[in-house]
Amino acid sequence: EFQVDELWKDVYDPAGLSGLRLDGKFMIVSGPILATEGIEKCFKDSPTKTEIKEKLLSSLASSLSTLTDEEKTAGVALIDIGAGNTDITIFYNNIVRFVATIAIGGNDITKDIQQGCSVLPDIAEKLKVKSGSALSHSVDANEVITVPGIGIKSIKEVSVKNVAIIMEERLKEILSMAVAEIKKSGYENKLNAGIVLTGGCAHIPYITELAEIITNTEVRIGQPNLNIAKSEFEVSNDPAYSTAIGLLWKGFKSYDTRKNEIEKQKVKVKKAAATPTIFDEPVGKNYWQKGVNFLKRKLKDDPESFNDKF
């Protein structure tokens with residue numbers, strides 16, 4: 001966000017404005033060096049020896065595939081509930097205003113189910129995905145599901161109602177912590193476009209209803225194919241792939257930008273090579289004759305331009 005003198009404030013793009021002083025506000029996102037070096041090493045040591053051109057914050061990548069420009073301008077909070085973390089990103093006037101990360105995510109819900117229902121981790125994950133709910137009152141109290149047991153128990157009956165209660169309580173905690181971060185940002189009352197939920201946990205039934213109760217604002221699910229035009233390629237609408245698809249979208253956009261710049265440079269080179277000069281005449285004629293021949297060609301090709309100048 002920029003300011004030019006005292007006349008132009010809260011400017012998104014100051015290009016074209018004139019003044020004596022230019023001020024800018026920037027957000028710097030830092031992270032552990034070992035983590036970024038680890039990511040680079042994974043790509044460099046891969047069979048393809050892939051080179052990293054640019055790094056992008058995961059929450060920003062998710063926003064590219066799930067948010068519209070109108071929402072970013074009006075004011076919106078993106079809550080990305082992933083496996084290990086929950087990321088909160090706030091946009092206002094099409095600018096990132098606030099970024100926060102909560103170290104709780106879908107894996108914690110799985111652990112809660114594992115401990116609360118006394119099942120194996122993989123069974124707990126299946127219960128969360130296939131039988132889970134964000135609102136316990138939406139589940140029949142008498143509904144049970146049979147799952148593999150632990151040790152000598154071959155089978156075990158689990159109450160779907162209990163699974164929903166466990167999930168609801170953990171989701172309430174995650175959403176309440178997200179609301180606390182939004183209040184901390186100072187943009188709580190500027191979210192005219194509401195809140196968008198994405199990430200692996202966004203597909204849990206009734207999560208939007210629970211989120212609207214906790215946040216007291218309008219909530220929708222952010223699907224990663226929102227900003228991608230229809231084509232012969234099918235793009236997943238699963239919120240779990242929001243970050244991955246956002247990274248792909250960013251990569252293709254950067255490639256298109258570089259490709260367009262290269263094409264523009266090629267056109268400039270061709271035009272420069274095709275432009276006649278006074279030195280295009282065969283060697284041996286004097287420079288005066290070269291100039292006369294050059295003017296004759298220009299007058300023949302574009303007489304109006306010379307009429308305007310002379």
Side-chain angles (χ1 to χ4, degrees), residues 29 31 57-63 65-67 71 75-91 96-117 119 121 124-139 160-188 191 193-224 238-244 246:
V29 179
L57 191 65
S58 61
S59 56
L60 295 183
S62 298
S63 70
S65 62
T66 57
L67 300 180
E71 288 175 325
V76 65
L78 177 66
I79 301 178
D80 186 346
I81 308 177
N85 299 316
T86 298
D87 298 323
I88 300 98
T89 310
I90 295 178
F91 288 85
V96 179
R97 303 291 180 168
F98 181 80
V99 175
T101 299
I102 302 170
I104 303 177
N107 290 342
D108 295 280
I109 299 176
T110 302
K111 291 177 182 177
D112 292 343
I113 296 173
Q114 177 189 349
Q115 295 177 359
C117 298
V119 295
E125 180 67 20
K126 290 180 180 178
L127 286 171
K128 180 184 73 174
V129 173
K130 296 183 178 181
S131 305
S133 176
L135 292 176
S136 57
H137 65 73
S138 66
V139 180
V160 178
K161 180 79 169 182
N162 289 342
V163 173
I165 291 173
I166 293 170
M167 293 181 64
E168 180 178 356
E169 292 305 313
R170 179 61 82 174
L171 286 170
K172 281 182 178 179
E173 179 187 10
I174 293 173
L175 292 169
S176 297
M177 295 177 71
V179 169
E181 293 294 338
I182 293 173
K183 290 181 178 179
K184 187 191 300 183
S185 72
Y187 286 88
E188 179 186 7
L191 303 180
I195 292 174
V196 176
L197 292 179
T198 192
C201 291
H203 60 71
I204 296 175
Y206 299 103
I207 191 171
T208 53
E209 289 80 358
L210 177 63
E212 288 179 345
I213 295 172
I214 300 297
T215 62
N216 195 29
T217 189
E218 184 179 352
V219 179
R220 75 167 179 86
I221 300 298
Q223 296 179 331
D238 189 341
Y241 299 110
S242 295
T243 301

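Residue numbers count from 1 along this sequence.
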*Would you list the pairs meeting salt bridge (charged side-chain N to carboxylate O under 4.0 Å, His left out) in which at least one residue belongs to residues 100-114, sequence neighbours left out?*
Asp112-Arg170

*Identify, with sequence neighbours excluded, every residue that meets side chain to side chain donor-acceptor pair (under 3.5 Å) alongside Gln114.*
none

*Is it true that a side-chain atom of Thr86 and a backbone atom of Gly82 form a donor plus acceptor pair closer than 3.5 Å?*
no

*Which residues pass the salt bridge (charged side-chain N to carboxylate O under 4.0 Å, His left out) test with Lys126, sequence neighbours left out?*
none

*Who passes ring-ring contact (aromatic ring centres under 6.0 Å, His included) against Tyr187, sequence neighbours left out?*
Tyr92

_According to side chain to side chain donor-acceptor pair (under 3.5 Å), who are the partners of Lys161, at least two apart in sequence or on a separate chain?_
none

*Any donor and acceptor pair, going by atom type alone, linking the side chain of Lys130 with main-chain N or O of Glu125 inside 3.5 Å?*
no

*Under the side chain to side chain donor-acceptor pair (under 3.5 Å) test, which residues partner Ser242, sequence neighbours left out?*
Thr198

*Set of side chain to side chain contact (heavy atoms under 4.5 Å, CB included) partners for Phe98, sequence neighbours left out*: Ile90, Ala100, Glu181, Ser185

_Could you work out, with side chain to side chain contact (heavy atoms under 4.5 Å, CB included) as the rule, every residue matching Ser59, not counting sequence neighbours?_
Leu57, Asp87, Thr89, Val99

*asked:* Tell me every residue that passes side chain to side chain contact (heavy atoms under 4.5 Å, CB included) with Gln115, counting only those two or more places apart in sequence or in another chain.
replied: none

*Would you please name every residue forming a side chain to side chain contact (heavy atoms under 4.5 Å, CB included) with Ser138, sequence neighbours left out?*
Ser133, Leu135, Tyr206

Only distances under 3.5 Å count here; give the side-chain donor-acceptor pairs of residues 207-216 to other protein atoms, sequence neighbours excluded, each with its distance to 0.1 Å.
residue: Glu212; atom: OE2; partner: Val219; partner atom: N; Å: 3.3
residue: Thr215; atom: OG1; partner: Ala211; partner atom: O; Å: 2.6

